[in-house]
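Worksheet: one structure, shown below.
Proteins come first, then strands; the chains are lettered A, B, ... in the order of their sequence lines, and each starts at number 1.
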Amino acid sequence: MSLQSLREAAEVSKAWPFEEARKLIARLEKAQKSEVIFETGYGPSGLPHIGTFGEVARTTMVRHAFRVLTGDKVKTRLIAFSDDMDGLRKTPDNIPNREMVSRHLGKPLTEVPDPFGEFDSFAAHNNARLRRFLDRFGFDYEFMSSTEAYKSGRFDEALIRMLERFDEIQAIMLPSLREERAATYSPFLPIHPVTGVVMQAPVLAHDAKAGTIRWRDPDTSEEFETPVTGGRCKLQWKPDWAMRWYALGVDYEMAGKDLIDSVKLSSRIARALGAEPPAGFNYELFLDETGQKISKSKGNGLTIEEWLTYASPESLSLFMFQKPTAAKRLYFDVIPRTVDDYLGFLDAYPDQPWKERLGNPVWHIHAGEPPAPETLVHGEGETSISFVMLLNLAAVANSDNPAVLWGFLRRYAPSASPENHPRLDCLVGYAVAYFRDFVAPKKRYRLADDVERDALLAVSARLAEMPADAGAEAVQHALYDIARPIPRYQDLAAKGATKERPGVSNDFFNMVYGVLLGEERGPRLGSFVALYGLAETRALIDRALAGELVRAA
RNA sequence: GAGCGCGUAGCUCAAUAGGUAGAGCAUCUGACUUUUAAUCAGAGGGUCGUGGGUUCGAUUCCCACCGCGCUCACCA
């Protein structure tokens, strides 16, 4: 498969990152630019979350598609912009030193001391968290601080231009506001020279030549004349966004659908400044299990930590890749399915022609270089192990120890090991975590009656006589022999059963599952005991008969 | 009020260059030398929200409508 055919397939690919990248190319044809700027925004009053990940991951996919479409001839940059000059609106609930922080309400986040005492400011703290967050996933980005950009003078030219177009911008903004708000609205928010607070005060006069605005402190009625440059003023957020697009030459930025109107207004402002607003689209929001919007305050939905406890970052990327414009429910149950979808796409990739590869999510998730699928060699063939299967296996193994799961896997494919299947090993780890947190707590143990007690004691005694490394079959046969004489468990209808040698009914096994494992059904017992350990099984029986399992559950 | 998304098998969802609808789970049946759910094979199950239009033909394009849900209109 030649590079040529990759390019050709990319030209016509219907995968959304390519559709987006083509919008960018159309944009580029109009404007002479030597590089393309992608931007994602971040508000440092909160912590990075699953939406932050989604936005950066999706933008990165568009960026990569663009690079392929242009043969990497156009330089690309991704700016992760932190709005750290915004005033602190309210004291977050989830921080220490809330009282100290609350004394700095209204000041730029970069002027609020770090409540954790680790950084120069609250913003610096959260900015560092953002970077650590993004670095953890290996995103290629440039961090940019709003405060630094304002203070360094980088925005000065744009701010002056903004001042020159003051009336046009007001004409765009004011109709979008309610009367009472419009009466006092100003796109410029001066930083109070005394208190340091980001002021929302009506602008009494503006002077583009001098580069200043006149305003009055509503509390003291004192009047000030403040330059809009050098970080002495910041902008209201919609003008701010537009100014930033203009000043930085942003070509691409996506946003949630809650920002549709904001994007429209900011785009008009950008045009008023003389810039073509960036390309991009509005992605749908995430919903929880019941279709409600996920919000941090409600605490519904799924956190990124939760996802990464039970599944890989790649599977989360897949979730983000799929249909960004459709509202998707993001809750716990989608995790296993998404993981298996991911594994399925990985399996399919090597045999696909380019046209299909470019529509395959793993191409986008792995920047065009998805890893080879890890398979288990079993006899003649190879098979992939699905996550759902591993979850079953964890339940079967009744263990949160990955080594026990690997014991089962090796029985199936003797050559397999965590060392030569590192990604499968990760999956095993996730499966085990899932078992520990979701399967184990739901176990409902029951007490043994007298007959059951005697049967289990007999099993324990028999296991004690067997060598510790007894095989699954040996254990299985021993179990049959113990149950066979017990009338309750005899099954004369079983295949091959005779009066002299009756079969053993499922009731026996179901009893063991219920008493020892707290499940209604379970694994083939011989296999389970052999892997779980004979001594360990005896200990389990002791605990069950002592009633400890019932109490623990 | 404005904008957006969704409505396909019991459930969750797929189905782009318009051409007789697919998967997973669930259900049922069978196979796996003594029985059991790490597996496999097979089956059943859909007026593709409703009504129009374009077309030889529409789940797929267009319009209207119905239902469900979300977002925005204060701030970011």
Side-chain angles (χ1 to χ4, degrees), chain A residues 12-15 19 41-46 83 86-90 109 175-178 180-182 185 200 236-238 240-241 255-265 281-295 322-329 331 333-334 336-338 340-341 344 355 359 376 378 383 385-386 388-397 405 408-409 411-413 431 473 476-477 479-481 483-484 489-491 493-498 501-513 519-528 531:
Chain A
V12 296
S13 174
K14 295 279 174 56
E19 303 273 21
Y42 169 68
S45 54
D83 272 309
D86 291 4
L88 177 66
R89 311 197 55 75
K90 61 174 189 184
L109 288 159
S176 74
L177 302 167
R178 275 190 212 166
E180 54 270 35
R181 180 74 185 99
Y185 183 85
Q200 288 204 30
Q236 272 282 8
W237 104 274
K238 279 166 227 174
D240 197 40
W241 210 6
K257 84 162 182 181
D258 51 331
L259 298 183
I260 288 175
D261 291 336
S262 303
V263 171
K264 282 183 187 161
L265 284 171
F281 72 105
N282 293 286
Y283 51 85
E284 263 283 354
L285 273 21
F286 297 118
L287 309 176
D288 73 2
E289 195 165 0
T290 59
Q292 301 297 302
K293 179 194 176 186
I294 288 184
S295 75
Q322 286 174 324
K323 275 212 192 177
T325 54
K328 291 206 300 291
R329 293 187 207 178
Y331 59 102
D333 298 13
V334 307
R337 215 187 65 150
T338 308
D340 278 338
D341 283 350
K355 179 176 182 293
L376 290 187
H378 175 64
T383 46
I385 298 296
S386 74
V388 167
M389 191 191 289
L390 284 175
L391 293 178
N392 286 335
L393 195 46
V396 161
L405 255 71
F408 278 80
L409 289 173
R411 238 184 70 200
Y412 181 76
E473 286 308 301
Q476 184 77 5
H477 285 113
L479 291 169
Y480 285 131
D481 290 340
R484 211 183 308 279
Y489 301 127
Q490 287 175 348
D491 180 4
K495 226 184 286 181
T498 62
R501 193 167 182 278
V504 175
S505 77
N506 291 348
D507 294 346
F508 172 70
F509 297 97
N510 292 338
M511 176 276 286
V512 177
Y513 303 141
E519 308 272 5
E520 290 180 20
R521 299 186 173 113
R524 189 177 176 90
L525 268 183
S527 311
F528 170 74
L531 281 159

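Nucleotides B/U16 and B/U71, compared at atom C1', are 28 Å apart to the nearest Å. Of the P atoms belonging to B/G5 and B/C65, the separation is 16 Å, rounded to the nearest Å. A distance of about 15 Å separates the C1' atoms of B/U20 and B/U47, rounded to the whole Å. Going from the P atom of B/G22 to that of B/G45 covers 14 Å, rounded to whole Å. For the C1' atoms, the distance linking B/A14 with B/G53 amounts to 28 Å, nearest Å. Spacing of P atoms, B/U60 relative to B/G51, comes out at 13 Å, to the nearest Å. Nucleotides B/A64 and B/U27, compared at atom P, are 44 Å apart to the nearest Å.
Two residues are said to be in side-chain contact when any heavy atoms from C-beta on lie closer than 4.5 Å; A/D261 and A/S176 fail this criterion. Residues A/D83 and A/D240 form a side-chain contact, since some pair of their non-hydrogen atoms from C-beta on lies under 4.5 Å apart. In this structure the side chain of A/Y489 reaches within 4.5 angstrom of the side chain of A/M511, judged on heavy atoms.
Between the side chain of A/K14 and the base of B/U16 there is at least one donor-acceptor pair of N/O atoms closer than 3.5 Å. No donor-acceptor contact under 3.5 Å links the side chain of A/K257 to the base of B/C72.
Applying the side chain to side chain contact (heavy atoms under 4.5 Å, CB included) test between A/P336 and each of A/L390, A/L391, A/D341 identifies A/L391 as the sole match.
We find the OG1-OH distance between A/T325 and A/Y283 to be 13.0 Å, quoted to the nearest 0.5 Å. Atom OH of residue A/Y331 and atom CZ of residue A/F286 lie 14.5 Å apart, to the nearest 0.5 angstrom. From A/Y185, atom OH reaches atom CZ of A/R178 across 15.5 Å, with rounding to the nearest 0.5 Å.
Across all strands, A/L259 comes closer than 4.0 Å to base atoms (heavy-atom distances).
Residues A/A327 and A/Y185 each lie close to RNA chain B; by heavy-atom proximity, the contact nearer the 5' end of the strand is made by A/A327. If A/D261 and A/A15 are placed on RNA chain B by their nearest nucleotide, the residue sitting closer to the 5' end is A/A15.
The separation between A/K238 atom NZ and B/A76 atom C1' is 9 Å, rounded to whole Å. The CG atom of A/L177 sits 9 Å away from the C1' atom of B/C74 (whole-angstrom rounding).
Stem list for RNA chain B (at least 3 consecutive Watson-Crick or G-U pairs, distances under 3.5 Å): B:1-7 with B:66-72, B:10-13 with B:22-25, B:27-31 with B:39-43, B:49-53 with B:61-65.
Evaluation of the side-chain contact (heavy atoms from CB on, under 4.5 Å) rule for A/I260 yields A/K257, A/K264, A/N282 as partners, not counting sequence neighbours.
Scanning both residues, A/A431 and A/A394, for their nearest heavy atoms gives O-CB, 3.9 Å.
Residue A/L285 places its side chain closer to B/U71 than to any other of B/A76, B/U71, B/C4.
Within the structure, every side-chain polar atom (N or O) of A/R178 is placed at least 4.0 Å from both OP1 and OP2 of B/A73.
Remark: A/D340 does not engage A/R337 in a salt bridge, criterion side-chain N to carboxylate O under 4.0 Å.
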Dump every N/O contact between nucleotides 7-13 of chain B and the protein below 3.5 Å, one line per pair.
unit_1: B/U12; atom_1: O2; unit_2: A/R337; atom_2: NH1; d: 3.3

